[in-house]
Asks: 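Take a look at this one; I'll ask things after.
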Amino acid sequence: MTVDHGLAVALRRRRYLLSAWPWRALAYAVTTLPLAGATAVGAAVVAAPLLLVVSALRRGRPVDAGVLAVLAVVALVVVALAPLAGAPVAAVERWRLGLVDDRPVTAPRWRGLVARFTTATGWREGAYLAVLGVAVPLAYGMFGLLVLLDVALVAGPWLAGGEDRIVLVWATVDSPAEAVPYALAGLLAVPALVYLAGLLVAAQAAVARRLLDDAPGGAALREVTRSRARLVGAYEAERRRIERDMHDGAQPRLTALTLQLGLARLDVPDDSPAAKPLAVAHEQAKELMVTLRGIVQGIRPQQLTELGLAGAVGELAARSVVPVTVRADLTRPVPDLVETTAWYVVSETLGNVARHAGAGRAQVRLTRDDRRLVVEVRDDGRGGADPARGTGLTGLADRVAAVDGRLLLSSPPGGPTLVRVELPCRP
């Protein structure tokens with residue numbers, strides 16, 4: 001089991017500056033520069049006709065129609081080819097996102113050249129080219145100016161003196177002594193710049209994930225819900241009653257019965273007519289104890305009490321026939337009922353993956369923020385899960401609805417399948 005911390009989450013932690021995340025953000029930013037530079041050339045070609053027209057109109061000069069037509073045609077060709085040019089850039093971006101976000105990014109299946117122009121995926125990748133060629137260079141350029149200004153402030157005591165002066169917007173520095181306060185301010189601004197760089201990279205990564213993750217594009221997330229109002233009041237009381245009766249009533253009595261049958265077998269000779277039926281009854285009692293223990297565990301698994309939610313889900317993953325990766329970001333305690341519901345959702349969903357999905361691998365992600373616990377189970381199977389064809393998903397939705405949560409499903413034909421459960425965690 002691994003613990004997942006994306007850059008956006010790491011920025012909210014106190015030890016961000018002492019972690020590896022600033023270096024990962026730097027690696028992402030540095031590898032962005034060549035991509036942004038290359039796409040900025042295409043953006044300049046598209047913007048050139050508009051800039052020529054604006055410049056000519058401001059100066060009152062006539063616009064050369066021939067040059068303008070050529071540039072307009074070139075711009076249209078560049079825009080038309082954006083879905084094709086976006087494919088290799090998007091592939092690189094999906095790989096680079098792993099530097100700042102450990103969540104997997106679903107790549108679209110190749111459906112031919114025509115599909116690049118007739119599906120939303122191709123145009124979303126083209127839109128990301130525009131972001132990479134216009135917004136990213138502007139944002140990185142402004143940040144670069146701030147970095148240069150800070151470097152000038154820090155180096156002020158060595159640059160000022162003699163005939164050299166440092167001219168700032170708000171002051172002029174003539175000597176090293178005058179530059180020292182500005183150098184100290186520049187040093188104090190370094191952590192702020194590191195955080196600002198992290199925010200800039202996190203914003204770019206969020207846009208990239210939004211435009212390049214194909215899971216939402218295959219099929220919109222649908223809320224699966226059944227009679228939430230019917231279950232909210234009754235489910236919790238009934239669950240607690242069954243759990244109490246199992247623990248305090250049936251389980252101790254069955255244990256005592258099994259013990260008495262074992263003692264009776266010791267007193268009955270092996271050649272007695274009663275020996276064989278007594279042995280059968282003893283074995284059946286022991287099997288019933290195992291069954292009852294499983295029922296009790298399904299109500300409140302013992303692993304949750306001993307290991308917590310992340311550890312209990314890790315045990316489920318270890319027992320799964322499909323390789324499962326668990327990523328947990330549980331920085332706050334989870335209420336018992338929400339914890340039990342989340343465990344049950346993961347258990348049932350992984351069971352469905354093993355039985356029906358034909359998947360080669362799966363991933364479970366647990367995230368806890370101030371208001372809710374989010375459980376995501378993703379697999380790379382055949383997809384096509386439909387609540388209307390069975391009661392499994394609607395049964396899960398019923399259990400989730402009992403704690404005022406909701407279940408969302410994305411399962412386009414051909415996969416992948418994503419089950420997302422959001423459970424409120426009230427203080």
Asks: Report the C-alpha distance between Tyr140 and Val201 in whole Å, list the side-chain angles of each, state the deciding distance to 0.1 Å, and finish with yes or no for side-chain contact (heavy atoms from CB on, under 4.5 Å).
Replies: CA-CA 9 Å; Tyr140 277 46; Val201 169; 4.1 Å; yes

Asks: Is there a side-chain contact between Arg361 and Val324, using heavy atoms and a 4.5 Å cut-off?
Replies: no

Asks: Is there a donor-acceptor pair under 3.5 Å between the side chain of Asp379 and the backbone N or O of Val353?
Replies: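 No; zero donor-acceptor contacts below 3.5 Å.
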
Asks: Does any pair with a residue in residues 188-210 pass ring pair (Phe, Tyr, Trp, His ring centres under 6.0 Å), and if so which ones, sequence neighbours excluded?
Replies: Tyr16-Tyr195

Asks: Identify the two heavy atoms, one from Leu17 and one from Pro191, that lie closest to each other, and give their separation to 0.1 Å.
Replies: CD1-CB, 3.8 Å

Asks: Got a sec, which residues hit side-chain contact (heavy atoms from CB on, under 4.5 Å) with Ser347, two or more places apart in sequence or on another chain?
Replies: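 For Ser347, the residues satisfying side-chain contact (heavy atoms from CB on, under 4.5 Å) (neighbours in sequence not counted) are Leu316, Trp343.
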
Asks: Rounded to the nearest 0.5 Å, what separation is found between the OG atom of Ser410 and the CZ atom of Arg378?
Replies: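 Atom-to-atom, Ser410:OG and Arg378:CZ are 8.0 Å apart.
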
Asks: Could you check if a side-chain atom of Leu7 sits within less than 4.5 angstrom of a side-chain atom of Asp101, using non-hydrogen atoms only?
Replies: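 Result no, sub-4.5 Å side-chain heavy-atom pair not found.
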
Asks: Any side-chain heavy-atom pair from Tyr344 and Leu396 closer than 4.5 angstrom?
Replies: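 Yes. Closest side-chain heavy atoms under 4.5 Å.
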
Asks: Any side-chain heavy atom of Leu132 within less than 4.5 Å of one from Gln204?
Replies: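 Heavy-atom side-chain distance check passes, below 4.5 Å.
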
Asks: Ignoring hydrogens, what is the shortest heavy-atom contact between Leu97 and Tyr28? Give both atom names and the distance.
Replies: CD2-OH, 4.1 Å

Asks: Does any part of the side chain of Pro424, heavy atoms only, come nearer than 4.5 Å to the side chain of Arg371, both counted from C-beta?
Replies: no

Asks: Looking only at heavy atoms, which two atoms of Cys425 and Val338 are closest? And how far apart?
Replies: SG-CG1, 4.0 Å

Asks: Measure the spacing between CD of Glu339 and CZ of Arg368 and express it to the nearest 0.5 Å.
Replies: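 So the gap between those two atoms works out to 11.0 Å.
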
Asks: Any donor and acceptor pair, going by atom type alone, linking the side chain of Arg94 with main-chain N or O of Leu212 inside 3.5 Å?
Replies: yes

Asks: Consider side chain to side chain contact (heavy atoms under 4.5 Å, CB included). Of Leu350, Val375, Val345, Leu366, which one does Val313 pass it with?
Replies: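 So, applying the side chain to side chain contact (heavy atoms under 4.5 Å, CB included) to Val313 and each of Leu350, Val375, Val345, Leu366, only Leu366 qualifies.
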
Asks: Among Thr417, Val421, Val364, which one satisfies side chain to side chain contact (heavy atoms under 4.5 Å, CB included) with Val377?
Replies: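 Considering Thr417, Val421, Val364, a side chain to side chain contact (heavy atoms under 4.5 Å, CB included) with Val377 is found only for Val364.
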
Asks: Out of curiosity, Leu408 CG to Leu418 CG, how far, rounded to the nearest 0.5 Å?
Replies: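 Rounded to the nearest 0.5 Å, the CG-CG separation comes out at 8.5 Å.
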
Asks: Are any of the side-chain nitrogens in Arg13 or Asp329 under 4.0 Å away from the carboxylate oxygens of its partner?
Replies: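 Judged by the 4.0 Å cut-off on N to carboxylate O distance, Arg13 and Asp329 do form a salt bridge.
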
Asks: Side-chain donor-acceptor pair under 3.5 Å between Thr32 and Arg96, yes or no?
Replies: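 Indeed, the side chains of Thr32 and Arg96 share at least one donor-acceptor pair under 3.5 Å.
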
Asks: Looking at every non-hydrogen atom in both residues, tell me the closest pair between Ala354 and Val322 and how far apart they are.
Replies: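 Heavy-atom minimum between the residues: CA-CG2, 4.1 Å.
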
Asks: Would you name the heavy atoms of Gly360 and Pro323 that are closest together and state the gap between them?
Replies: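 Where Gly360 meets Pro323 most closely, the heavy atoms are O-CD, 3.4 Å.
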
Asks: Could you check whether any side-chain heavy atom of Thr367 comes within less than 4.5 Å of a side-chain heavy atom of Leu373, counting everything from C-beta outward?
Replies: no

Asks: Output all residues satisfying salt bridge (Lys or Arg N to Asp or Glu O under 4.0 Å) with Glu422, sequence neighbours left out; order by chain, then residue number.
Replies: Arg372, Arg406, Arg420

Asks: If you take all heavy atoms of Ala359 and Asp380, which pair is closest and at what distance?
Replies: CB-OD1, 3.4 Å

Asks: Let me confirm one number: the CG-CG distance from Leu337 to Leu423, rounded to the nearest 0.5 Å.
Replies: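 It comes to 9.0 Å.
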
Asks: Closer than 3.5 angstrom, by distance alone: can the side chain of Arg124 be matched with the main-chain N or O of Leu211 as a donor-acceptor pair?
Replies: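 At least one qualifying donor-acceptor pair exists.
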
Asks: Would you say the side-chain atoms of Thr349 pair up with the backbone N or O of Val346, donor to acceptor, closer than 3.5 Å?
Replies: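 The answer is no, because no donor-acceptor pair under 3.5 Å joins these two groups.
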
Asks: Going from CG on Leu330 to CG on Asp369, what distance comes out if it is rounded to the nearest 0.5 angstrom?
Replies: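 Between Leu330 CG and Asp369 CG, I get 11.0 Å after rounding to 0.5 Å.
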
Asks: With rounding to the nearest 0.5 Å, note down the distance linking CZ in Phe143 to CG in Leu148.
Replies: 10.5 Å

Asks: Would you say Arg355 has more than 12 foreign heavy atoms packed within less than 6.0 Å of its CZ?
Replies: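 Yes, enclosed.
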
